[in-house]
Structure formats: C-alpha cells, structure tokens
*Asks:* 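Below you will find the structure I want to go over with you.
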Amino acid sequence: MPELPEVETVVRQIAPRVEGRTIRSLDLRWARTLSGGSRATIERALVGARIRRGHRRAKWIVFELGGERGALLVHLRMTGRLFVRGPKEASSDYLRLSLGLSRGERLDFEDVRKFGRVHWCRDTDEVFGALGPEPLSDELTVDALYARLTSRRRMLKPLLLDQTVIAGLGNIYVDETLFASGLHPMQTSDRLTRDDVARIHDNVRRILRRAIECQGSSFDVFYRTPEGQPGRFQDEFLAYGRDGRPCRRCGTELVKLTIAQRGTHVCPTCQPKPRRRRASKKRSARRAPAR
DNA sequence: AGCTACTCCTGGTAGC
DNA sequence: TGCTACCAGGAGTAGC
C-alpha cells in the first residue's frame, strides 16, 4: 500500500508530465472518489486551470492550480494509481476519475478498492494543517521527535501511524522502523529514552531514503510505479510480512500480532515486550481501601 | 486522552 | 469446479 516512498515515486514520475498542462475536462466514474465540494463546484475550479506544480506532502500527491483555483490532492490509500495517458491508450475497468489535459493526454486515477480520494481544496491548509512534520525534513530533529513522542502516552505502533504526529508512515515502514530500532510496537511512548528516540529518528530516515531509492515496495499485485515497474524495497524487508520466518538478525521466528487493528510483525528477541509498568504506591493506596 | 470497533471496498485465497 | 468466509488496510468516526 502506498506510503511515503511509493507516493514520492509516483510524484516524481507524474509531476514532470503534467506540470504546465491545462485541465480541459473532468470525467468522474465513481462519485465518492471526488471530495471537497460538489461536482459542479470542483469542475468549475478545475476546467481551464493550469497545473503549476506537482509535489508530495505526507501520503498526498498535490497538484497546485494557483489562486482561486486552489489545489487538487490525490490520496492513493490502498490501491489507487495514477497514469498519464495518450488518446490511444485505454484505461482499465478500475478507472474512477480522469482529467482531460491539453495536448490530448489525460491524467487517469484508477483504484480497485475505491478507498482512494481525489480532493479539491481552495487552500491546502484545510487538509495539511493538522499533519505532523515530514520525516525527512530538517524540521524533524531528534529533539523535535522526542517532544512529539514523549508528550503523549500511547503505544508506539498507533502513535507512529498517526499522521498528526509524523506524516507519511504506514504499516510497512512503521514495522521496519520499530524492528530496526529494537523497540516493541506495544511499548508506550512516554517511557522512551532519548537514545530510543534517536534510533527511531535515524532508522526511519534511513529506511525511507533507501525505499525511495528502490522506488518503494511491491509485494502483491497492487503497487506499481506509474511506469509499471514494481518497487524493489520489499526485498530488503526485515520485519514486514516475515512472520513465521527466521529473524535476519538473530534467527528467532518472527511473529505477527494485531495492534490497533493492524497486522504487526515483530521479532520477540530483537524487540522484547516491555515489562508492564508497576502501579505506583499512590495509585495502589488509593485503589486499595474497600468500604 | 487513548483505546476498540466499525465503515468504506474488492480481489485473492483458504477451506470444504 | 464452485461456493462461502475471511483477509488485507488508511483514515475517519463513534462510543467508552
């Protein structure tokens, strides 16, 4: 499923092919794919707009239209894909939305499971205002991450998946990061040491950079780059999808847990489950007296 | 505040 | 072969 490295790969291939083009038409095949206003409102904003720039924020693909035209945001969710096609190239049965562009080409959004969204907004802050920092930005220092993680008391797995805490990670890269950092996904964030956070910080950046170099991960039929190539990072997975197989570091059989409704892959040796916090005396004392 | 459950969707697959 | 049941999951929401 597309996470930051996969979305980055898509943007790098699509943006140069649509920047400078003018949108001529909107063809909507699945109504719920389009959000951010009525179809008529969005169509008015889009048709005639020039795509000034394409870039990525978190897992969103952003097409800046400029001024009152706003921006068109694409979220691939599970199975969404983008293609730039010429007049003679056919779309698949999974076409959900298509933008006709100048020079006869079109930007197709296809999505088997229909979870993906094409969202129009006048101001991207409407959507991005709540997002946490980009994991690869200079803004995300060890200190900044330490503050963000330890100011809450949550399990690491759902915390790192939370886009308002840090933006762009999904199930795969969280599992890989926690494995590389030797941390159990159920550990609570308020007990992280500075050294723990430094490892998370270094590992998440190293893993994301490497995954981008590999053009992302493709482990089932879904994710492909817009040029049709599979990513290569799945060959380097140390945790994700490796349950039942030996840990590449210590040989222990990896296990699969469900945490926060997500399949979660863990090495029981490299990522020891934290001991439960002992109840403090105060709390025990308060709880103890039975009338 | 943070947890779980549920929703949206469909293709793939396990089991019979 | 053909059927059913279940699984994958990003993000939003409801309820506790």
Side-chain angles (χ1 to χ4, degrees), chain A residues 1-8 10 28-36 56-62 73-82 92-97 109-119 121 124 126-132 134-135 147-178 184-192 208 211 216-224 230-231 234 237 239-244 255-265 274 276-277 283:
Chain A
M1 55 280 353
E3 304 179 27
L4 188 155
E6 292 76 27
V7 176
E8 181 67 26
V10 171
L28 182 61
R29 304 289 181 91
W30 181 256
R32 298 186 60 165
T33 294
L34 187 63
S35 65
R56 180 189 63 75
R57 172 74 171 103
K59 300 176 201 170
W60 290 94
I61 297 155
V62 185
L73 313 181
V74 178
H75 200 305
L76 305 174
R77 293 281 180 97
M78 309 292 300
T79 55
R81 301 181 65 184
L82 279 180
S92 80
D93 290 346
Y94 304 117
L95 184 71
R96 307 303 178 198
L97 184 150
F109 176 74
E110 299 187 352
D111 188 14
V112 172
R113 292 187 192 163
K114 302 176 176 172
F115 278 13
R117 289 292 174 268
V118 176
H119 181 88
C121 56
T124 56
E126 292 168 22
V127 177
F128 298 158
L131 291 178
E134 285 288 321
R148 295 189 83 80
L149 298 184
T150 58
S151 63
R152 304 156 219 237
R153 184 176 174 181
R154 292 177 66 182
M155 290 188 288
L156 292 179
K157 174 86 180 200
L159 185 63
L160 293 174
L161 286 172
D162 186 336
Q163 303 297 300
T164 68
V165 174
I166 180 168
L169 303 183
N171 208 33
I172 295 172
Y173 296 101
V174 168
D175 279 8
E176 291 298 315
T177 297
L178 290 174
H184 194 281
M186 292 180 85
Q187 169 158 349
T188 48
S189 57
D190 60 328
R191 301 182 79 191
L192 290 170
L208 292 175
S217 308
S218 303
F219 47 87
D220 59 25
V221 298
F222 295 120
Y223 170 76
R224 292 289 181 280
Q234 66 281 0
F237 285 171
Y240 186 85
R242 300 200 72 249
D243 46 302
V255 296
K256 183 172 181 179
L257 313 173
T258 299
I259 301 171
Q261 288 78 244
R262 293 285 173 271
T264 302
H265 309 79
R276 278 194 45 192
R277 182 202 299 262
R283 286 179 59 100

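In what follows, chains carry the letters A, B, and so on, assigned in the order in which the sequence lines appear, proteins first and then strands, with residues in each chain numbered from 1.
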*Asks:* What nucleotide, of B:dC9, C:dG10, B:dG2, holds the atom closest to the side chain of A:Arg152?
*Replies:*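 So the nucleotide nearest the side chain must be B:dG2.
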*Asks:* Figure out the CG/P separation between A:Leu160 and B:dG2, and round it to whole Å.
*Replies:*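 About 14 Å, once rounded to whole Å.
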*Asks:* Is A:Phe115 stacked on the base of C:dA11, meaning ring centres closer than 5.5 Å and planes within 30 degrees of each other?
*Replies:*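 No, aromatic ring not over the base.
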*Asks:* Do A:Tyr173 and A:Ser217 meet the criterion of a side-chain donor-acceptor pair at a distance under 3.5 Å?
*Replies:*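 Side-chain D/A pair, A:Tyr173 to A:Ser217: present.
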*Asks:* Is any side-chain nitrogen or oxygen of A:Lys114 closer than 4.0 Å to OP1 or OP2 of B:dT10?
*Replies:*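 For B:dT10, OP1 or OP2 has a side-chain N or O of A:Lys114 closer than 4.0 Å.
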*Asks:* CZ/A:Arg29 to CG/A:Leu97 distance, rounded to the nearest 0.5 angstrom?
*Replies:*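 If I round to the nearest 0.5 Å, the distance is 9.5 Å.
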*Asks:* When the distance from CG of A:Leu4 to C1' of C:dA11 is rounded to whole Å, what number comes out?
*Replies:*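 These atoms are roughly 16 Å apart.
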*Asks:* Quick one: which of B:dG11, C:dA11, C:dG10 gets closest to the side chain of A:Gln163?
*Replies:*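 Closest nucleotide among those given: C:dA11.
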*Asks:* Is it the case that B:dA5 (base atoms only) and A:Gln261 (side chain only) share a donor and an acceptor within less than 3.5 Å, ignoring hydrogens and angles?
*Replies:*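 Counting by modelled atom types and ignoring angles, a donor-acceptor contact under 3.5 Å is found here.
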*Asks:* Using the side-chain heavy atoms of A:Met155, tell me which of these nucleotides is nearest: B:dT4, B:dT10, C:dG10.
*Replies:*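 Nearest to the side-chain atoms of A:Met155, counting from C-beta on, is B:dT4.
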*Asks:* Tell me: CZ of A:Arg77 to P of B:dT10, nearest whole Å?
*Replies:*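 For the pair A:Arg77 CZ and B:dT10 P, the rounded distance is 15 Å.
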*Asks:* Can you tell me how far apart CG (A:Asp111) and CG (A:Leu76) are? Round to the nearest 0.5 Å.
*Replies:*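 So the CG of A:Asp111 and the CG of A:Leu76 are separated by 8.0 Å.
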*Asks:* For C:dG9 and A:Tyr240 - does any side-chain N or O of the residue sit under 4.0 Å from the phosphate oxygens OP1/OP2?
*Replies:*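 For A:Tyr240, the contact criterion (side-chain N or O under 4.0 Å from OP1 or OP2 of C:dG9) is met.
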*Asks:* Taking only the side-chain nitrogens and oxygens of A:Tyr94, find out if one of them lies under 4.0 Å from OP1 or OP2 of B:dT10.
*Replies:*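 So the side-chain polar atoms of A:Tyr94 never come under 4.0 Å of the phosphate oxygens OP1 or OP2 of B:dT10.
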*Asks:* Considering only C:dA11, B:dC3, C:dA8, which nucleotide approaches the side chain of A:Lys256 most closely?
*Replies:*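 Among C:dA11, B:dC3, C:dA8, the one nearest the side chain of A:Lys256 is C:dA8.
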*Asks:* Can you find an N or O donor on one side and an acceptor on the other, under 3.5 Å apart, linking the side chain of A:Arg154 with the base of B:dA1?
*Replies:*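 In this structure, the two groups form no donor-acceptor pair.
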*Asks:* For A:Arg113 and B:dT7, what is the distance between atoms CZ and P respectively, to the nearest whole Å?
*Replies:*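 To the nearest whole Å, that distance equals 18 Å.
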*Asks:* For a quick test of reading the model: is some side-chain N or O of A:Arg117 closer than 4.0 Å to OP1 or OP2 of C:dG10?
*Replies:*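 Answer is no, no contact under 4.0 Å.
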*Asks:* Any salt bridge linking A:Glu134 with A:Arg56? Criterion: basic side-chain nitrogen under 4.0 Å from a carboxylate oxygen.
*Replies:*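 Salt bridge: yes.
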*Asks:* Does a donor on one side chain and an acceptor on the other come within less than 3.5 Å for A:Thr150 and A:Asp190?
*Replies:*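 No donor-acceptor contact under 3.5 Å links the two side chains.
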*Asks:* Expressed in angstrom and rounded to an integer, what is the separation of A:Asp111 atom CG from C:dG9 atom P?
*Replies:*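 Taking atom P of C:dG9 as the reference, CG of A:Asp111 is at 16 Å.
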*Asks:* Send over the distance from A:Leu156 CG to B:dC3 C1', rounded to a whole Å.
*Replies:*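 Between C1' of B:dC3 and CG of A:Leu156: 15 Å.
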*Asks:* Below the 4.0 Å mark, does C:dA11 have OP1 or OP2 next to a side-chain nitrogen or oxygen of A:His75?
*Replies:*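 For C:dA11, OP1/OP2 do have a side-chain N/O of A:His75 under 4.0 Å.
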*Asks:* Round to the nearest Å and state the distance from A:Ile172 atom CD1 to C:dG9 atom C1'.
*Replies:*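 Rounding to the nearest Å, CD1 of A:Ile172 and C1' of C:dG9 are 10 Å apart.
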*Asks:* Pick base, sugar-phosphate or nothing for A:Trp30, based on heavy-atom distances below 4.0 Å to the nucleic acid.
*Replies:*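 Result for A:Trp30 = sugar-phosphate.
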*Asks:* Is any side-chain N or O of A:Arg262 under 3.5 Å from a base N or O of C:dG10, one able to act as donor and the other as acceptor?
*Replies:*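 Answer is yes: a donor-acceptor pair is held.
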*Asks:* Does a side-chain N-to-carboxylate-O contact under 4.0 Å join A:Arg154 and A:Asp162?
*Replies:*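 A salt bridge links A:Arg154 with A:Asp162.
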*Asks:* Could you tell me how far apart A:Tyr173 (OH) and C:dG9 (C1') are, to the nearest whole angstrom?
*Replies:*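 Going from OH in A:Tyr173 over to C1' in C:dG9 covers 15 Å.
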